[in-house]
Amino acid sequence: VAAMSMVFDEYGRPFIILKEQQAKARVKGLEAQKSNILAAKAISNVLRTSLGPKGMDKMLVDADGDVAITNDGATILERMEVEHQVAKLLVELSQSQDNEIGDGTTGVVVLAGALLSQAEKLLDRGIHPVRIAEGYESACEVAVKTLGEIGDVVEFSKDNFEPLVTTAETTLNSKIINVNRRKMAEIAVNAVVSVADLERKDVNFDMIKMEGKPGGRLEDTELVSGIVLDKDLSHSQMTKEITDVKCCLLTCPFEPPKPKTKHKLDITSKEDYEKLYKHEQEYFRKMIEQVKDSGANLVICQWGFDDEANHLLLQNNLPAIRWVNGVELELIAIATGARIIPRFSELSPEKLGKAGKVTEITFGTTNEKMIKIEDCANSSAVTCVVRGGNKMIVEEAKRSLHDAMCVVRNLIKDNRVVYGGGSAEIACSLAVSAHADTVMGTDQYAIRAFSDALDDIPLALAENCGLSPIEELANVKSKQLESKNPFLGVDCNQTGTNDMKTQGVFETLIGKQQQLLLATQVVKMVLKIDDVISMGNYQ
């Protein structure tokens, strides 16, 4: 009663005033670390079953009833709407891996969960969290150095992109589209290579556009060297194929000007109406003349057309596309070398874009149409047109292709790779374990725990493939120790060999190093939190 005071309002009704401090929830010390680790492990366990080529997919239904089916770690966590403050750190962890590397978003969260699991055991033994964090830091340095030593360089040239295709295939192995992974990998590689500057080792992702159309099969997915717009021509009778295209890009509507003020016009007689009609017709004719005089034979407009304007465009043999959004308009401008025109008075021949061919394509028996702009004058913009049985598969295929493209881009920037199937983690685990033997004091416990946590990735891979995890891991580890071959990993696809080099399973070195560094940083951060004060939870 002392903590709260009873007050009466003007009608004599009692109400209680609470001090603000009472509305806080506070967790301190070891209890705070334990609850944070528990939350982070819960997130990690969700993604654990999605790891590897036989990983399971997750179905996520949002508040509006929209369904997404995916096994991309970053997408799952982004859509899960996580509440817990430490669990949010893991969501951001997978996001940063996705933004920087594009692949390995599931693995990085599973690794962070394993490191926290091991840290929990050390905390129970009474080891100070800071000592654990420091041990993890030195172990991570050893692991990253080991990755650099066991890495391989893949040589590719303008004539031989096979190594890039193989790496993209490894990424697509764990995706829903793995049945067509060879074709999809080739599409990803061709898309990236066509917009890449191989001398500068730079890739402009803005020039790759993704369009999806449900219906058709995954095999019908194609790469168009040009731009595909999910639009149709503004009039059904316009020419469906235009060659030697000169297009004008307009950001002004094909309509008579509207008064900016709130005045209104009252028409009282037939003569006034006809005068206004003629005036309007004059506007339209002038617009059409200005377009024709510039030499354009295709109009692409950001806004809509009046029916009158549409009719006049058809009469004057000017095919037109309307309601093209700003981003697509900019992409067309870059690709065709056009200038975006804000007013009809500024139309001139030098501001037109050039393309070899523009066609309107239809899909199946439906009314679905798309516009294809090919042989653009200025640059090598490409579009992936993804097909699939339904919207969910198309969306997942688009995400998977994006991951594959990111991996190809990373290889163009840095062509060193490590081998997959958990082989790199096992090699690092052995190196970190050997390093632990040279360290004195309590740090060696943390370093050994890091080595055990690295084993969690091959364990999860084996588990998801229906193999006996501990048996498989022990088998591969002993083989690696005997033969000193760091390319031996878990044979997920049951091909009969553990050598990942023979299987052709590899991933980028920078991607794997980034995984270790990011996971270690987040775990250090979580371990150093010893007091959680959250406002607004009345205890």
Side-chain angles (χ1 to χ4, degrees), residues 37-38 40-58 71 73 76 90 94 103-122 136 139 143 146-147 150 170-171 173-175 178 418-434 436 447-483 485-503 505-507 512 515-516 519 523:
I37 288 172
L38 188 68
K41 273 165 65 181
I43 291 284
S44 167
N45 289 339
V46 168
L47 291 194
R48 194 183 160 89
T49 53
S50 292
L51 190 69
K54 301 279 194 288
M56 305 301 251
D57 288 0
K58 305 278 181 265
N71 75 351
I76 294 169
L90 287 196
S94 75
D103 187 36
T105 50
T106 312
V108 72
V109 176
V110 172
L111 181 60
L115 286 168
L116 287 168
S117 258
Q118 294 294 333
E120 192 175 17
K121 292 175 190 169
L122 296 178
Y136 277 1
T146 308
L147 283 174
I150 65 168
T170 305
T171 303
N173 245 332
S174 61
K175 308 290 182 194
N178 64 359
V418 289
Y419 291 89
S423 61
E425 281 87 354
I426 294 171
C428 288
S429 168
L430 292 169
V432 170
S433 192
I447 294 171
R448 206 161 267 120
F450 191 95
S451 152
D452 291 344
L454 283 171
D455 288 342
D456 204 52
I457 299 275
L459 274 173
L461 279 175
E463 201 175 309
N464 292 347
C465 298
L467 305 167
S468 167
I470 295 169
E471 197 180 306
E472 193 68 26
L473 176 65
N475 180 23
V476 175
K477 223 172 183 180
S478 62
K479 279 185 184 171
Q480 269 212 26
L481 273 169
E482 277 170 33
S483 59
N485 177 4
F487 306 152
L488 298 176
V490 178
D491 180 17
C492 295
N493 291 326
Q494 301 293 288
T495 53
T497 171
N498 286 96
D499 195 324
M500 293 296 138
K501 194 167 186 175
T502 315
Q503 279 198 36
V505 178
F506 44 79
E507 41 196 316
K512 192 57 84 179
Q515 266 191 354
L516 289 175
V523 169

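Please read all numbers here as calculations on a predicted model, not as lab measurements.
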Quiz item: For the atom pair OG (Ser423) and CG (Leu461), what is the distance rounded to the nearest 0.5 Å?
Solution: 10.0 Å
Self-check item: For the student: nearest non-hydrogen atoms of Ala460 and Leu51, plus distance
Solution: CB-CD2, 3.9 Å
Quiz prompt | Partners meeting side-chain contact (heavy atoms from CB on, under 4.5 Å) with Pro458 (sequence neighbours left out) | solution = Glu425, Ile426, Leu473, Val490
Per-pair distances, 0.1 Å, donor-acceptor, side chain in residues 110-122, under 3.5 Å, sequence neighbours excluded:
residue	atom	partner	partner atom	Å
Glu120	OE1	Lys41	NZ	2.8

Practice problem: With sequence neighbours excluded, tell me which residues meet side-chain contact (heavy atoms from CB on, under 4.5 Å) with Val505. | Solution: Thr170, Met500, Gln503
Quiz item: Looking at residues at least two apart in the chain, or sitting in another chain, which of them share a side-chain contact (heavy atoms from CB on, under 4.5 Å) with Ser94?
Solution: Ala74, Leu77, Thr105, Val109
Quiz item: Who passes side-chain contact (heavy atoms from CB on, under 4.5 Å) against Ser50, sequence neighbours left out?
Solution: Lys58, Asn71, Ile76, Thr106
Quiz item: Can you tell me how far the CD1 atom of Ile150 sits from the CD atom of Gln480, to the nearest 0.5 Å?
Solution: 7.5 Å
Quiz item: Can you name the residues that form a ring pair (Phe, Tyr, Trp, His ring centres under 6.0 Å) with Tyr419, not counting sequence neighbours?
Solution: Phe487, Phe506
Quiz item: So with a 6.0 Å cut-off around CG of Leu481, is the heavy-atom count from everything else above 12?
Solution: yes
Quiz item: Can you name the residues that form a side chain to side chain donor-acceptor pair (under 3.5 Å) with Ser44, not counting sequence neighbours?
Solution: none
Self-check item: Pairs flagged by side chain to side chain donor-acceptor pair (under 3.5 Å) wherever residues 457-476 is involved - sequence neighbours left out
Solution: Arg48-Glu463
Self-check item: salt bridge (charged side-chain N to carboxylate O under 4.0 Å, His left out) partners for Lys54, two or more places apart
Solution: none
Quiz item: Given the rule in the side chain to side chain contact (heavy atoms under 4.5 Å, CB included) test, do Lys477 and Leu430 qualify, once you have shown the distances and angles that lead to the verdict?
Solution: CA-CA 8 Å; Lys477 223 172 183 180; Leu430 292 169; 3.9 Å; yes
Practice problem: Measure across Leu454 and Ser429 and return the closest heavy-atom pair with its distance rounded to 0.1 Å. | Solution: CD1-N, 3.7 Å
Exercise. Grab the two heavy atoms, one from Ala436 and one from Arg448, that are nearest each other, plus how far apart they are.
Key: CB-NH2, 3.8 Å
Exercise. Give, for atom CG of Asp491 and atom CG of Asp499, the distance between the pair rounded to the nearest 0.5 Å.
Key: 10.5 Å
Quiz prompt | Ile43 side, atom CD1; Leu90 side, atom CG - distance, nearest 0.5 Å | solution = 6.5 Å
Self-check item: Partners passing salt bridge (charged side-chain N to carboxylate O under 4.0 Å, His left out) against Lys479 (at least two apart in sequence or in another chain)
Solution: none
Quiz item: Heavy-atom distance under 4.5 Å between the side chains of Lys512 and Cys428, does that happen here?
Solution: no
Exercise. Determine the minimum heavy-atom distance between Leu488 and Ser483, stating which atoms define it.
Key: CD1-OG, 3.6 Å
Quiz item: Sequence neighbours excluded, which residues qualify as salt bridge (charged side-chain N to carboxylate O under 4.0 Å, His left out) partners of Asp57?
Solution: none
